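When a residue number appears, it is its place in the shown sequence, counting from 1. Note that this is a predicted model, so its numbers are computed, not measured.
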Amino acid sequence: MVSKKQKKAQESINSRLTLVMKSGKATLGYKSTLKSLRNGTALLVLIASNCPPLRKSEIEYYAMMAKTGVHHYQGNNIDLGTACGKLFRVSCLTVTEQGDSDILGSMPEE
């Protein structure tokens, strides 16, 4: 069961993510996430809960090297795609410009 606090935090992240997609810049997908981490343009990485473990650990390693924050999204890749306003699945995404959103400063701690 999901508690009310977790559900509220999830809705908060979803609304901030929607704002980032409208006003900021974000790259969707595994390959583009690794590219932005290698280039140093990534500000935050979100990973879906059902992302394969090897892929997840590789992204976390690159993020650690780039000193970039990683957030493990509570929903699966379908939920993450829907939160981005897309009609397809998204296993991981990178925020490169936050725009009008405050997603970087207000991510809930795990």
| field | Nearest non-hydrogen partners of Leu17 and Ala83, listed with the distance | value | CD2-CB, 3.9 Å
| said: For a side chain to side chain donor-acceptor pair (under 3.5 Å) check, start with the C-alpha distance between Tyr73 and Asn50, then their side-chain angles and the critical distance, and finish with the verdict. | reply: CA-CA 9 Å; Tyr73 191 76; Asn50 63 345; over 6 Å; no
| How long is the span from the CG atom in Leu44 to the NE2 atom in His71, to the nearest 0.5 Å? | 8.0 Å
| task | Decide whether Leu19 and Ile13 are clustered together by the hydrophobic rule: side chain heavy atoms of Ile, Leu, Val, Met, Phe, Trp, Tyr closer than 4.5 Å, transitively. | result | no
| field | Linked, directly or transitively: Met65 and Leu46 (ILVMFWY side chains, under 4.5 Å) | value | no
| said: Within this structure, what is the CG-OG distance for the pair Asp102 and Ser12, rounded to the nearest 0.5 Å? | reply: 7.5 Å
| What's the spacing between Asn76 CG and Asp79 CG if we round to 0.5 Å? | 4.0 Å
| remark: CZ of Arg89 to CG of Leu28, rounded to nearest 0.5 Å, is 14.0 Å
| query | Are Met21 and Leu104 connected in a single hydrophobic cluster, I mean Ile/Leu/Val/Met/Phe/Trp/Tyr linked by side-chain heavy atoms less than 4.5 Å apart? | reply | yes
| said: If I take atom OG1 from residue Thr41 and atom NZ from residue Lys35, how far apart are they, to the nearest 0.5 angstrom? | reply: 11.5 Å
| query | Taking only residues two or more places apart in sequence or in another chain, which ones pass side chain to side chain donor-acceptor pair (under 3.5 Å) with Ser23? | reply | none
Only pairs under 3.5 Å count here: list side-chain donor-acceptor contacts from residues 90-100, not counting sequence neighbours, and write none if there are none.
from, atom 1, to, atom 2, distance (Å)
Thr94, OG1, Thr33, OG1, 3.1
Thr96, OG1, Lys25, O, 3.1

| request: Sorted by first residue and then second, give each side-chain hydrogen bond (donor to acceptor under 3.5 Å, both in side chains) pair with at least one member in residues 54-63; sequence neighbours left out. | output: Tyr30-Glu58, Glu60-His72
| request: Decide yes or no for Ile59 and Ile47: does some side-chain heavy atom of the first lie under 4.5 Å from some side-chain heavy atom of the second? | output: yes
